[in-house]
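Since we're looking at a predicted model, the values are computed, not measured. Quick note: numbers below take in every heavy atom, side chains included, and nothing from hydrogens, waters or symmetry partners.
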Number of protein chains: 2
Amino acid sequence: MGRPAHITDEDLLNAAMRVAARHGPARASVAAIAKEAGVPVGSVYHRVPSRSALLADCWVKAAERFAAGFFNRLEQAKSLDEAVEAALLTPRFAREDHAAAVLLLASRREDFLDEAPEETKNRASALTRDLQKNIADAAKRLLPADPKGRERMAVALIGIPYGAVRVFLPQAVPPAEIDAVIAAAARAALLSGTA
Amino acid sequence: MGRPAHITDEDLLNAAMRVAARHGPARASVAAIAKEAGVPVGSVYHRVPSRSALLADCWVKAAERFAAGFFNRLEQAKSLDEAVEAALLTPRFAREDHAAAVLLLASRREDFLDEAPEETKNRASALTRDLQKNIADAAKRLLPADPKGRERMAVALIGIPYGAVRVFLPQAVPPAEIDAVIAAAARAALLSGTA
DNA sequence: CACGTAATAGAATATATATTCTTTTATGGT
DNA sequence: ACCATAAAAGAATATATATTCTATTACGTG
């Protein structure tokens, strides 16, 4: 079987996510990631083909973790109030998985994906497409009369919670009190003009 | 007088801002900036001491452009409705000065400032402090009963418009229709719980 | 119309860091 | 106990790019 590994592939991924969250993807050098994971530089290349591939995996992993909960909630929403619940997944995600949230919310996607292998880029594109489709479907379902429903839904369920949480990240965690503020703001965004 | 310059220092700064907005600060190499500005690499170093200093100046310049309008509007606000007007400066800024907005909204501050000369860092810190003071003053003035007024004001006037605009940046410009959505959301954020 | 100056121009150098290579080490199976 | 294997370990190399250096050029001035 050979010598046992000190860490799993997932440990390495999480270490890379922490470093990328702390200092930004550009500063997440292989040396820094290896140090965070507690393995020598050379060992990193036993796990992953390149730094770009590892960073891209970080982004996809973080996005998948967020998307899982979000898609599920939004698809089931039968009313605007239920859609507002989906907006609250962002502050919760930021509390539960700080590194992933910082990575998704405080850096640009391209900094993780530009040099990625084609296959990873495709996974990332698929995720983005799914998100846009979910938003569009929800808009069609819950805001059928609004010609700009898609934009409104995106702003209400993604933009507003994103911005509200961003006020606190990356240093702190969003306090519990802002969830009510986010819910009120998202609801107002969905209803304004409809009144 | 010596040979005349092809470009002004401000031309160089704007070129750097465009490159940083387009590809992110990490990818804004001196070569790329020089090419964008239309001057050879060596000439860049006649204007600025280092790449880090130039990028840091970009951030400060962009922040100053935004802050000028924002401070002015917020200081004068005598009511919550007037404060909501300050939230609308963000989408307007994104339309009028796309590069500066992308730079401020889609990258992390530290990527521009971490290696900056001390003096530039201080200017940036002063700007941040001023922003926080303005928010805190407005909260004390317009939300005197709310113990979390500062956070609420920050989320309503910075976070919400920031997130709403971010849905469209960096590729596009925020459409005019979202201003009403932002205003409704910001107002709801300021009033929720007070009702 | 030379002369001094300040900028252009791009080649040369230094540095940081991603990647590769070689050696060493720890485990499971025989 | 010995062997094959897979990973650790870190030194060596390659590459990208920030910075410095050495000319060259265009303008105003005496």
Side-chain angles (χ1 to χ4, degrees), chain A residues 1-20 22-59 107 110-118 120-121, chain B residues 1-20 22-59 107 110-118 120-121:
Chain A
M1 271 291 247
R3 183 172 177 173
H6 286 181
I7 62 167
T8 67
D9 285 6
E10 203 185 340
D11 290 337
L12 181 63
L13 197 65
N14 285 328
M17 282 185 51
R18 286 196 300 277
V19 175
R22 196 154 50 237
H23 303 296
R27 300 230 177 192
S29 67
V30 176
I33 294 168
K35 190 179 177 190
E36 174 80 21
V39 300
V41 173
S43 298
V44 170
Y45 284 86
H46 279 270
R47 319 302 191 101
V48 294
S50 70
R51 171 181 176 273
S52 342
L54 177 58
L55 286 183
D57 280 344
C58 285
W59 193 91
S107 294
E110 305 90 58
D111 285 349
F112 286 93
L113 292 172
D114 268 357
E115 300 175 358
E118 217 52 39
T120 314
K121 278 189 188 175
Chain B
M1 270 288 254
R3 184 172 175 172
H6 286 179
I7 60 166
T8 68
D9 284 7
E10 203 185 341
D11 290 336
L12 181 63
L13 197 65
N14 285 328
M17 283 185 50
R18 286 195 302 275
V19 175
R22 195 153 50 237
H23 303 296
R27 299 230 177 191
S29 67
V30 176
I33 294 169
K35 190 178 176 191
E36 173 81 22
V39 299
V41 173
S43 298
V44 170
Y45 284 86
H46 278 273
R47 320 299 191 101
V48 294
S50 71
R51 171 180 178 274
S52 343
L54 177 57
L55 285 183
D57 280 344
C58 285
W59 193 91
S107 294
E110 306 89 59
D111 285 348
F112 286 94
L113 291 172
D114 268 357
E115 301 176 355
E118 216 52 39
T120 313
K121 278 189 188 174

Exercise. Does the side chain of Trp59(A) reach to within under 4.5 Å of the side chain of Thr120(A), using non-hydrogen atoms?
Worked result: no
Exercise. Do you know which two heavy atoms are closest between Ala15(B) and Ala37(B), and how far apart they sit?
Worked result: CB-CB, 3.7 Å
Exercise. Which atom names give the shortest non-hydrogen contact between Ser50(B) and Tyr45(B), and what distance separates them?
Worked result: CA-CE2, 4.1 Å
For this session: Locate the shortest heavy-atom distance separating Ala28(B) from Leu55(B); write the atom from each residue and the value.
Result: CB-CD2, 4.2 Å
For this session: Identify which one of Ile33(B), Val48(B), Thr8(B), Leu54(B) satisfies the side chain to side chain contact (heavy atoms under 4.5 Å, CB included) criterion when paired with Leu13(B).
Result: Leu54(B)
For this session: Could you pull out all residues at least two apart from Lys121(B) that satisfy side-chain contact (heavy atoms from CB on, under 4.5 Å)?
Result: Ala116(B), Glu118(B)
For this session: With a 4.0 angstrom cut-off to heavy atoms of chain B, pull out the first and last contacting nucleotide of DNA chain D, in 5'-to-3' order.
Result: dA18(D) to dG28(D)
Exercise. Going by heavy atoms in the side chains, are Asp114(A) and Arg27(B) under 4.5 Å from each other?
Worked result: yes
For this session: Check DNA chain D against residues 35-51 of chain B and give the residues with a non-hydrogen atom under 4.0 Å, in numerical order.
Result: Val41(B), Tyr45(B), Ser50(B), Arg51(B)
Seminar exercise, completed: side-chain contact (heavy atoms from CB on, under 4.5 Å) filter on Asp9(A), not counting sequence neighbours, yields Arg47(A)
Problem set entry | Nearest atoms (heavy-atom pairs only) where Val19(B) meets Ala32(B) | CG2-O, 4.0 Å
Exercise. How would you list, by chain and number, every residue that makes a salt bridge (charged side-chain N to carboxylate O under 4.0 Å, His left out) with Glu110(B), sequence neighbours excluded?
Worked result: Arg108(B)
Seminar exercise, completed: What residues 3-18 of chain B contributes to the DNA chain D interface at heavy-atom separation below 4.0 Å is Arg3(B), Pro4(B)
